[in-house]
Amino acid sequence: MKREEEIRSLRSRIDEIDNEILSLLNKRAEVVLELGRLKSEGHLEAYDPDREEEIINRLRTMNSGPFPIESMSHVFREIISSCRFLVKPIRVAYLGPPASHTHLACLEHFGNSIEASPMESIEEVFESVEKGEANCGVVPVENSTEGMVNRTLDMFLESQVKIMGEILLRISHDLLSLSGNPREIQKIYSHPQAFAQCRRFLKKHYSHASLIGTESTAKAAQIAREDKTAAAISSPLAGKLYGLKTVSSRIEDSNQNYTRFLILALKSSQQTGRDKTSILFSIPHQPGSLFRVLRVFSEQGVNLTKIESRPSKGRPWEYVFFIDFEGHSEDPRVKKALTELEGVVLFFRILGSYPRG
């Protein structure tokens with residue numbers, strides 16, 4: 001009897017705390033609306049990504065538990081997203097269709113209270129941002145097991161959009177079908193990278209099935225819902241959205257399978273103290289050209305985190321290089337390195353400085 005009384009008492013206390021949380025949420029929303037009014041009168045941008053990241057990072061530092069730090073980040077991300085929506089919804093273009101991994105990355109970063117606009121190609125995401133049709137765009141750029149998404153890199157040669165941020169998302173794949181019966185599966189649809197990330201599973205269990213490539217894992221789920229003999233390698237969210245049943249879960253070969261997504265905008269982010277910068281450059285086709293570039297960064301103590309090359313369009317056997325390095329373009333050491341870089345390259349362009357994911 002005493003235990004039941006203690007349970008009732010604790011539940012009553014939880015109700016009181018929930019009421020306090022609700023009241024504080026509404027007070028926060030009122031302050032955000034007032035802030036939005038002042039920004040509107042001053043013709044200032046309603047969306048301030050640097051401020052949002054500052055809030056999340058401050059609260060992560062303050063959190064002493066026992067509430068899990070990652071759960072806390074998700075909760076406040078949704079609070080910020082909902083309050084932002086009250087002032088002015090932001091439109092985010094992403095590589096679709098809905099329930100693609102890029103869509104999941106989009107919701108991970110911006111929260112659910114956005115106007116999410118699925119695009120059929122990476123080119124369309126870039127164009128939507130460049131034309132001002134979307135406030136931001138989200139595209140995949142690199143997978144931890146399968147490497148770079150070359151189309152994203154190539155688009156930076158054609159577009160003037162900036163990198164405003166990055167999102168690192170753990171990728172988990174499910175095998176989905178209408179019936180959930182593995183014996184009915186004769187063909188499997190998915191994106192080529194998803195097939196590559198699930199090689200061992202497919203070889204062991206579905207060597208008899210035809211593998212058919214699609215532009216995204218979500219598109220594969222759309223196709224599979226129309227064919228009882230088909231399955232899709234896609235996300236659990238896609239299964240729920242398109243009415244598919246799970247045949248097998250977590251079929252990826254590596255449990256350390258991450259994809260890096262870039263957030264595109266018309267301007268970069270301000271300094272946060274935990275930044276990275278991406279640039280592209282072209283060098284003379286002569287001995288030692290790349291070495292001279294790398295020496296510039298080495299002498300200034302700038303740590304490179306990524307270097308990738310892509311063929312230069314219209315110039316056979318010449319290449320454009322993409323480099324990521326730690327630091328913001330406004331940091332003194334980075335500024336000096338970029339100034340010296342001008343003397344050893346044909347051209348270079350800063351793609352953006354942004355908080356590390």
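- For D324, the salt bridge (Lys or Arg N to Asp or Glu O under 4.0 Å) test picks out R260, with sequence neighbours left out.
- Between E308 and R310 there is no salt bridge, since none of the side-chain N atoms of the basic residue sits less than 4.0 Å from a carboxylate O of the acidic one.
- Side-chain contact between Y242 and P97 is present, with heavy atoms from C-beta onward closer than 4.5 Å.
- For K245, the NZ atom sits in a loose shell: 12 or fewer heavy atoms of surrounding residues, nucleotides or ligands are nearer than 6.0 Å.
- Between T229 atom OG1 and L178 atom CG the span is 9.5 Å, to the nearest 0.5 Å.
- A salt bridge links E158 and R151; the closest N-O separation between the charged side-chain nitrogens and carboxylate oxygens is under 4.0 Å.
- Of the possible polar contacts, one joining the E78 side chain to the N112 backbone as a donor-acceptor pair under 3.5 Å is found.
- Among all heavy-atom pairs drawn from V87 and G36, the shortest one is CG1-CA, 3.7 Å.
- Although no hydrogens or angles enter the test, the distance criterion places no donor-acceptor pair under 3.5 Å between the side chain of S82 and the main chain of I79.
- Between E34 and R37 there is a salt bridge, since a side-chain N of the basic residue sits under 4.0 Å from a carboxylate O of the acidic one.
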message = Between R84 and S113, is the side-chain hydrogen bond (donor to acceptor under 3.5 Å, both in side chains) condition met? List the steps.
response = CA-CA 8 Å; R84 186 205 310 126; S113 297; over 6 Å; no

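- L294 and L338 fall within the same hydrophobic cluster, where Ile, Leu, Val, Met, Phe, Trp and Tyr residues are linked whenever their side-chain heavy atoms come under 4.5 Å apart, directly or through other members.
- Both V247 and L202 belong to a common hydrophobic cluster when Ile, Leu, Val, Met, Phe, Trp and Tyr are linked at side-chain heavy-atom distances under 4.5 angstrom.
- You'll find the side chain of F321 reaches within 4.5 Å of the side chain of L290, heavy atoms only.
- Remark: the backbone N or O of N255 is paired with a side-chain donor or acceptor of R170 at under 3.5 angstrom.
- Legend: residues meeting salt bridge (Lys or Arg N to Asp or Glu O under 4.0 Å) with R250, ordered by chain and number and at least two apart, are absent.
- Checked by atom type and distance alone, the side chain of R58 never pairs as donor or acceptor with a backbone atom of I55 at under 3.5 Å.
- Inter-residue side-chain proximity for R292 and Q286 is flagged as met; some heavy-atom pair is nearer than 4.5 Å.
- How far CG of N143 is from CD of Q193: 5.0 Å, rounded to the nearest 0.5 Å.
- Counting heavy atoms from C-beta on, the side chains of F261 and C106 never come closer than 4.5 Å.
- Taking each heavy atom of A105 and I167 in turn, the nearest pair found is O-CD1, 3.4 Å.
- No more than 12 heavy atoms of other residues, nucleotides or ligands lie within 6.0 Å of CD in E120, so this atom counts as exposed by the packing criterion.
- Proximity of T277 to D275: side-chain heavy atoms (C-beta onward) are nowhere separated by under 4.5 Å.
- Rounded to the nearest 0.5 Å, atoms OG (S309) and CG (L280) are 12.5 Å apart.
- Listed for the N257 side chain is no donor-acceptor partner under 3.5 Å among the backbone atoms of S254.
- A side chain to side chain donor-acceptor pair (under 3.5 Å) check over residues 325-345, counting only residues at least two apart or in different chains, returns the pairs Q271-D331, Q300-E340, N303-E326, S329-S353.
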task = Go through the steps to decide whether V138 and V125 satisfy the test side-chain contact (heavy atoms from CB on, under 4.5 Å), and finish with yes or no.
result = CA-CA 7 Å; V138 178; V125 177; over 6 Å; no

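- With contacts defined as side-chain heavy-atom distances shorter than 4.5 Å, the pair P49/M164 qualifies.
- Using a 4.5 Å heavy-atom threshold, the side chains of K306 and E142 count as touching.
- Contact check on E53 versus R77 returns a salt bridge, with a Lys/Arg side-chain nitrogen under 4.0 Å from an Asp/Glu carboxylate oxygen.
- Below 30°, between 30° and 60°, or above 60°: for H101 and H173 the angle between ring planes is above 60°, a perpendicular geometry.
- Of the inter-residue distances, the one linking D174 atom CG with T246 atom OG1 reads 5.0 Å to the nearest 0.5 angstrom.
- Summarising the geometry of A221 relative to S234, their closest heavy-atom pair is CB-OG, 4.1 Å, with the distance given to 0.1 Å.
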query = Going through the distances and angles, do T217 and I233 end up as a side-chain contact (heavy atoms from CB on, under 4.5 Å)?
reply = CA-CA 6 Å; T217 56; I233 295 176; 5.5 Å; no

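- Residues that satisfy the salt bridge (Lys or Arg N to Asp or Glu O under 4.0 Å) test with K276, not counting sequence neighbours, are E166.
- Cluster annotation: V334 is connected to I279 through the hydrophobic network of ILVMFWY side chains, with a link wherever side-chain heavy atoms come within less than 4.5 Å.
- The existence of a salt bridge linking R51 and E54 is confirmed by a sub-4.0 Å separation between a basic side-chain nitrogen and an acidic carboxylate oxygen.
- The hydrophobic cluster containing Y189 does not contain L175, counting ILVMFWY residues as joined when their side-chain heavy atoms lie under 4.5 angstrom apart, directly or transitively.
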message = For F156 and V320: C-alpha separation, side-chain torsions, deciding distance, then whether side-chain contact (heavy atoms from CB on, under 4.5 Å) applies.
response = CA-CA 11 Å; F156 282 111; V320 174; over 6 Å; no

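- Closest approach of V296 and A337 over heavy atoms only: CG1-O, 3.2 Å.
- Checking side-chain atoms of S289 against main-chain N and O of P284 turns up a donor-acceptor pair under 3.5 Å.
- Residues in residues 124-137 take part in these side chain to side chain donor-acceptor pair (under 3.5 Å) pairs, two or more places apart or across chains: E130-S159.
- Although no hydrogens or angles enter the test, the distance criterion places no donor-acceptor pair under 3.5 Å between the side chain of S190 and the main chain of F195.
- To the nearest 0.5 angstrom, E108 atom CD is 6.0 Å from L169 atom CG.
- Residues V31 and R28 form no side-chain contact, since every pair of their non-hydrogen atoms from C-beta on lies 4.5 Å or further apart.
- Distance check: L266 CG to Q160 CD gives 10.5 Å after rounding to the nearest 0.5 Å.
- Using a 4.0 Å cut-off between a side-chain N of Lys or Arg and a carboxylate O of Asp or Glu, R13 and E16 qualify as a salt bridge.
- Summarising the geometry of S282 relative to Y319, their closest heavy-atom pair is OG-O, 4.0 Å, with the distance given to 0.1 Å.
- Of all heavy-atom pairs between V293 and V345, the closest is CG2-CG1, 3.7 Å.
- Identified under the side chain to side chain donor-acceptor pair (under 3.5 Å) test for residues 207-216, with sequence neighbours left out: none.
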ask   = Between Y206 and I185, is a side-chain contact (heavy atoms from CB on, under 4.5 Å) present by the stated rule, with each step listed?
value = CA-CA 8 Å; Y206 292 96; I185 297 172; 3.8 Å; yes

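- Counting only distance, with no hydrogens or angles, the side chain of K219 and the backbone of H191 share no donor-acceptor pair below 3.5 Å.
- In the hydrophobic cluster analysis, where Ile, Leu, Val, Met, Phe, Trp and Tyr join through side-chain heavy atoms closer than 4.5 angstrom, F291 is grouped apart from I323.
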